Protein chains: 2
Amino acid sequence: MSNLSLIETARDFNRFYTNFLGLLNKAYLDTPFTLTDARILFEIGSHGGISAVALARDLQLDPAYLSRILKRFRAEGLIETNRDPADLRSQVIIVTDQGRETFEELGRRSNAQIAARFDRLATGEPEAAVSAMHTIRALLDPAAKPAPAIIRAHRAGDIGWIVQSQGRFYAEEYGWDLRFEALVAEVAGKFLANFDPAKEYCWIAERGGINVGSVLVTNGGDGIAKLRLLYVDKSARGLGLGKLLVDECIHFSRQKGYRELSLWTNDMLETARAIYVKAGFRLVSEERHKMFGPEANGQNWVLDL
Amino acid sequence: MSNLSLIETARDFNRFYTNFLGLLNKAYLDTPFTLTDARILFEIGSHGGISAVALARDLQLDPAYLSRILKRFRAEGLIETNRDPADLRSQVIIVTDQGRETFEELGRRSNAQIAARFDRLATGEPEAAVSAMHTIRALLDPAAKPAPAIIRAHRAGDIGWIVQSQGRFYAEEYGWDLRFEALVAEVAGKFLANFDPAKEYCWIAERGGINVGSVLVTNGGDGIAKLRLLYVDKSARGLGLGKLLVDECIHFSRQKGYRELSLWTNDMLETARAIYVKAGFRLVSEERHKMFGPEANGQNWVLDL
DNA sequence: CGCATTTAATGGACTGAGTCAACTAATTCG
DNA sequence: CGAATTAGTTGACTCAGTCCATTAAATGCG
């Protein structure tokens, strides 16, 4: 459950942008086109040779309504439709030269409108606005293809991110109190303070510039490596990132000459446990505790390398 | 004249957001309200006692259309209208209890919808989206007054946020290495681990659901309070938040019976120094160091309480 | 293969959101 | 005071968008 004030702010923004777009779209009234007309013409103009169903699907329009609009466009000579030889029920819609002219004119007007808006801004401000638009779109547009995840070493801010994301996650999901975040901060802070690149490492999984997972290997002494703070964000579950991160740890620990890789976890973390089991870890001990408020079952797992 | 590709991107975003809002607004169809109805009800519900002209102006509606909608609302018992004693042509519109109930129900649905959208995002992503919305709005809405900042105690994730934001900021701005983030993690982690509410506190400045600043008071023993980790995010500078946070620390330290408030800072942080000077802190010592890579000038400041 | 089902496209019939013009009543301004 | 303006309302209308039924092609299944 997201913070309520975030949601309020988002609603507020939506109200604002509804108005803002409303104003922009009024401009279409200076042409004989409605907003829907313009959207359709734009869609046909960009993907040449689209079918009516596809159009209706993409723009969420009623097929009957769309059919009428296309008929009008055809009558006005803006588009041509031909039967699709591959499926004679379907038709292929293309813009005529005149249609392209109209389409481009609409584009020019729309551009001019935004340019007018941007012209009132200070140097650098349009860039800031557009960059913010990118951010929103990448986050809210499911069709904006999710960037592939990469795994890399930690850098500035990452350790803080680990503390924040896990602190928040365990609080929201399991009701753990701030003692848990304190523990994470201590573990992660010590890792950073005493970081020994020869024996230790931190992996961050990142997607489109946003951190989505992490794990540490720290030196426990006596040839024992410790896997700590494994975490994969909600948004990136099911991609096998957890397994990937654990595999990195195992590979690294072997390579650095450790004889054993151990970890501490809690039994309600079932996905994590499945990963450990599959990787060959064995459960060596278990104890109930209330370290972070609610009762939980702590477990120690070990993998012989 | 703005760069064309910026404009194209902005148009692209507008198309996307038109769709996005369209989807969200479909939900109003589950209620007997249209989007316009909902906007009107929202507007009346928020500013109690508004007049019809003001409403028509703010929402850019036809007065005739608005009049009819208000008539309907009146018939349904959602609002009451009384003549404005100051101008008998005008009327004062207020929501009835039932209207308020409806208004709040709409709000809850709208919230739930956005929450559902946000729930699919990663930790920090809703914040990123909302922060981008702020950016756009601040730039495009001439009437936008920035959301007021509030100051509150820390909760889950905040300590991690402190580590992350400062770790990243000092690395980007001054080239400090990870030893700095390690120090922050240690300080913040210890604060959380040994937190003594009777003598210590953490303040988080938040604006529209986004953390934008922080400061801690920790117990240094011997009647000395320590002000630590003062930070105000770039996006919220110039609002006096730094001063506000420091004032909180001073007030708290006095109230808890400390005799002295001390802090350590570096001299390139000029805004912070100005705040300390103004608050009455005096510089007691100074030493050059390379604790975090680049050479810097560490300073100890003290305020007698 | 043939029959039932699904899908693309369209026309008929309708609804209701939003617009425009005309009017009343109160207010302001010269 | 009278002319012009403003707040609000009603009547008459338009047209964007929806729902249902129909045709023709395609697909699925025994």
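Below, chain A is the first sequence line, B the second, and so on; all start at residue 1. Since this is a predicted model, take the numbers as computed values, not measurements.
Between C:dA9 and A:Lys71, no contact under 4.0 Å exists linking OP1 or OP2 to a side-chain N or O. Within the 4.0 Å cut-off from OP1 or OP2 of D:dA7, not a single side-chain nitrogen or oxygen of B:Ser67 is found. OP1 or OP2 of C:dA8 has not a single side-chain nitrogen or oxygen of A:Arg57 nearer than 4.0 Å. At the phosphate of C:dA9, OP1 or OP2 sits under 4.0 Å from a side-chain N or O atom of A:Ser90.
Ionic pairing of A:Glu101 and A:Arg108 is present here: one or more N-O contacts between side-chain nitrogen and carboxylate oxygen are shorter than 4.0 angstrom. Note on B:Glu206 versus B:Arg155: salt bridge recorded, some NZ/NE/NH1/NH2 to OD/OE distance being below 4.0 Å. Here B:Glu43 does not pair with B:Arg39 in a salt bridge; the nearest charged N to carboxylate O distance is not below 4.0 Å. Between A:Glu80 and A:Arg100, none of the side-chain N atoms (NZ, or NE/NH1/NH2) sits under 4.0 Å from a carboxylate O, so this pair counts as no salt bridge.
Distance A:Gln91 CD to C:dT7 P: 18 Å, rounded to the nearest Å. A:Leu66 places its CG atom 12 Å from the P atom of C:dA8, with the value rounded to the nearest Å. Per the geometry, CD belonging to A:Gln60 stands 17 Å off C1' belonging to D:dA16, to the nearest Å. Protein atom CZ of B:Arg72 is 18 Å distant from nucleotide atom C1' of D:dG8, rounded to whole Å. The separation between B:Leu35 atom CG and D:dA16 atom C1' is 15 Å, rounded to whole Å. With rounding to whole Å, B:Asn82 atom CG is found 19 Å from D:dA7 atom P. Separating the CG atom of A:Asp84 from the C1' atom of D:dA24 is a distance of 15 Å, rounded to the nearest angstrom. Rounding to whole angstrom units, CG of residue A:Leu55 and C1' of C:dA9 are separated by 13 Å.
Residues that satisfy the side chain to side chain donor-acceptor pair (under 3.5 Å) test with B:Arg74, not counting sequence neighbours, are B:Thr81. Residues passing the side chain to side chain contact (heavy atoms under 4.5 Å, CB included) test with A:Asp37 are A:Phe33, A:Thr34, A:Ile69, A:Arg72, A:Phe73, sequence neighbours excluded.
Two residues, A:Leu88 and A:Leu61, neighbour DNA chain D, and the one matched to the more 5' nucleotide by heavy-atom proximity is A:Leu61. Judged by closest nucleotide on DNA chain D, A:Thr36 is the one of A:Arg83 and A:Thr36 placed further toward the 5' end.
A donor-acceptor contact under 3.5 Å links the side chain of A:Arg89 to the base of C:dT7. Side-chain atoms of B:Arg68 and base atoms of C:dG16 include no donor and acceptor less than 3.5 Å apart.
Candidate nucleotides C:dT10, C:dA26, D:dA26 were compared by shortest atom distance to the side chain of A:Arg74, and C:dT10 ranks first. Distances from the side chain of A:Asp62 to the nucleotides D:dC19, C:dT27, C:dC20 place D:dC19 closest.
Contact annotation for B:Ala64: base contact, defined as any heavy-atom pair under 4.0 Å involving a base atom. Backbone-only engagement by A:Asp87 is indicated by non-hydrogen atom pairs under 4.0 Å involving sugar-phosphate atoms exclusively. Here A:Ala52 lies in heavy-atom contact (under 4.0 Å) with sugar-phosphate atoms only.
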